[in-house]
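Written below as structure tokens is the structure these notes are about.
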Amino acid sequence: MDARTQPDRSRDLSQPLDKLGPDETLKANSDYLRGTIKESLVDEVTAAVAASDAKLMKFFGIYQQDDRDVRDERRRQKLEAAFFFMTRVRLPGGVCSPSQWLKLDELARAYGGGTLRLTTRQTFQLHRVMKQNLCTVIQGLRDVLLDTKAACGDDTRGVMCTVNPSLSKLHRQVYALAKQASDHATHKTGAYSEIWYGAERQDTDGPEEPFYGRTYMPRKFKIGFAIPPSNDIDVYAQDLGFIAIARRGALKGFNVAIGGGLGRTDQAPKTYPRLASVIGYIDADKLLPTIDAVMSVQRDYGDRVDRSHARFKYTIDDKGLDWVKAEIERRLGRALAPAQAYAFTSNGDPLGWVRGEDGREHCTLFVQNGRVINTPDHPMMDGLRAIARVHKGMFRITPNQNLIISDIAPEDRPAIEALMREYGLDEFENRSGLRLNSLACVALPTCGLAMAESERYLPNLITKIESILDVHGLKDDPITIRMTGCPNGCARPYIAEIGLTGRAPGKYNLYLGGGFHGQRLNKMYLENVGEGAILQALDKTLGHYARDRRPGERFGDFVIRAGYVVEVKEGRYFND
Ligand code: SRM
Ligand code: SF4
């Protein structure tokens, strides 16, 4: 049975669109995402685009934003906000070539404020792109075979894949499938080429969007591939996660996990983070039909009235996991096999050099919060450009916002190492285990949803926590800490051992007790508190941990055993 031909309730005329949410009407009436984007782009009266076009442009990886640092001042001066656009690249598995890196570097310097941002889903974001430069940027990306399709919007988003290059053969196999999955599930509308490349509209033989129809997905849908023992992609945070099962180093198939998602809203208990449930096993050749079957269930049954309740996790909890699994199996035309044994050990990145099974060398560099930028004492952007000019292998962005210079022939390593030393790219050895396991979302000044600082604040907060770690002798212990500027959870804070989510300027919720390899949600320990209270709480709990931990016990496990927080067994009890 082909799930692509299964019922799509979003196109069912018996469901009047006006009974659905406004975003559904917008999508349905947009002529497959064309809207009036072309007109908006040439409107010289404003640096912004029409509100409806701003929503549609997300499907093309482009977000309208404004500089929040100057928002109030501009309002006082009766000027429109300082609008610009964030452009997110589609980069399955985070792999890019040196020529792609050089192009991104060039575009970032010319149009993106002189900085590149590596994201928690392994891709690049350019911020501060002006409306009149968007086509140039997207055509520049096309020159190196990159695009921004479906990097945002109600579709599949960036497909993630574990980056561990030491398992060379297995990684190659899984990465190839992740790329195939991304190409398969990305929207097909001709609007992309027409708007961004200036192509003529082509007649299509069949439907323009054979899978999505006119209304696409009810909400974003995230797919990721994990290769145990690394859970770097946080597979339990994906709407649809695949856990690679290998035999003698070669891929056999995948355990299938569904219904992960972290977004929530403060004071709205109906929203909650949920970890994905493992529902069975498939052979590798059933991958694409499984993606179709799972996505089509969410496409047809996801909530199209209330967007805050439209992620797959809510469909699963409303309908019941057993019902959803049975519906997936019905569409797949077969039962899933029982899940196979696997074990994760960490969701962090091992930094520094490793040699792959194929003899090639790989070096993972620490990039604090994914920000690639030149500063007076740390010319990181120049350093990576210098490496890209001589590097014959690949770059891989990790889900922890770090960067691997990968696939280096042993004889080329000395030259790369010399450049790393010259530009100070390898200066991570003296950093604390906490800093090396930290993640922060972008937040202010570009994110329109931020309530507090994140990327610009976490490094300073960590410096203060490091003093506490020094006192307790924990400087080298790997402890995960993740901060976001609002509860949406873009740095996956709810599965960190220490999570901080912004409530207001200078105020955060503090969560403790997440699983070290992403297997357990944390629990709120303090609500809406400032730096003083955060440091006090961490001094107390970290000190207690240093004194009383059992051999090998992780901080996240300890705070539960010591009674600071209760264990969250299921995502839906997170808010209790
Ligand atoms: Fe996110 C919205 C940044 C990963 C959950 N996210 C946003 C927007 C686009 C704000 C907006 O809607 O106006 C942020 C742009 C900020 C900026 O200025 O760049 C934004 N999200 C990011 C990135 C760049 C964070 C980072 O610092 O790396 C990550 C880009 C990933 C990528 O390459 O595609 C990013 N976002 C995530 C993740 C983590 C993940 O997917 O592994 C999550 C939690 C997992 C999940 O989806 O449940 C996440 N972002 C959200 C949500 C909450 C969704 C929900 O179900 O409630 C929003 C808000 C929304 O969609 O309404 C959001
Ligand atoms: Fe913006 Fe909130 Fe996501 Fe941070 S978590 S990038 S503040 S939406």
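Order of appearance sets the numbers: ligands from 1, and atoms from 1 within every ligand. Quick caveat: nothing in here was measured; it's all calculated off a predicted structure. We count residues from 1, following the sequence as given.
- Protein N/O/S atoms found under 2.8 Å from atom 1 (Fe) of ligand 1, listed by chain and residue number: Cys490 SG.
- With sequence neighbours excluded, the residues forming a side chain to side chain contact (heavy atoms under 4.5 Å, CB included) with Ala50 are Ser40, Ser52, Asp53, listed by chain and number.
- Of all protein heavy atoms, the one lying nearest to atom 56 (O) of ligand 1 is Arg311 NH1, 2.8 Å.
- Of the protein's non-hydrogen atoms, Arg219 NH2, 3.5 Å is the one closest to atom 60 (C) of ligand 1.
- Checked against a 3.5 angstrom limit, the closest N/O atoms of Leu118 and ligand 1 fall outside it.
- Among residues two or more places apart in sequence or in another chain, the ring pair (Phe, Tyr, Trp, His ring centres under 6.0 Å) test is passed with His127 by none.
- Note on atom 4 (Fe) of ligand 2: protein N/O/S atoms under 2.8 Å are Cys441 SG.
- For atom 42 (O) of ligand 1, the nearest non-hydrogen atom of the protein is Arg492 NH1, 2.6 Å.
- The option with the heavy atom closest to atom 49 (C) of ligand 1, from among Lys222, Lys220, Arg264, is Lys222.
- Aromatic ring centroids of His309 and Tyr314 lie under 6.0 Å apart.
- Considering Lys55, Lys27, Arg219 in turn, Lys27 is the only one that fulfils the salt bridge (charged side-chain N to carboxylate O under 4.0 Å, His left out) rule with Asp154.
- If you number the atoms of ligand 1 from 1 as listed, the ones under 4.0 Å from a heavy atom of Gly261 come out as 48 (O).
- A ring-centre distance under 6.0 Å is found for Tyr511 and Tyr494.
- For the pair Thr148 (side chain) and Val89 (backbone), a donor-acceptor distance under 3.5 Å is absent.
- With distances taken over non-hydrogen atoms, the option nearest atom 23 (C) of ligand 1 out of Arg121, Gln125, Arg90 is Gln125.
- Among the atoms of Leu262, some N or O lies under 3.5 angstrom from an N or O of ligand 1.
- Arg74 has no carboxylate O lying under 4.0 Å from a charged side-chain N of Asp69, or vice versa, which leaves the two without a salt bridge.
- Ligand 1 places these atoms under 4.0 Å from at least one heavy atom of Ala440: 27 (O).
- Residue Arg117 has at least one N or O atom closer than 3.5 Å to an N or O atom of ligand 1.
- A salt bridge is absent between Arg554 and Glu497: the closest approach of a Lys/Arg side-chain nitrogen to an acidic carboxylate oxygen does not fall below 4.0 angstrom.
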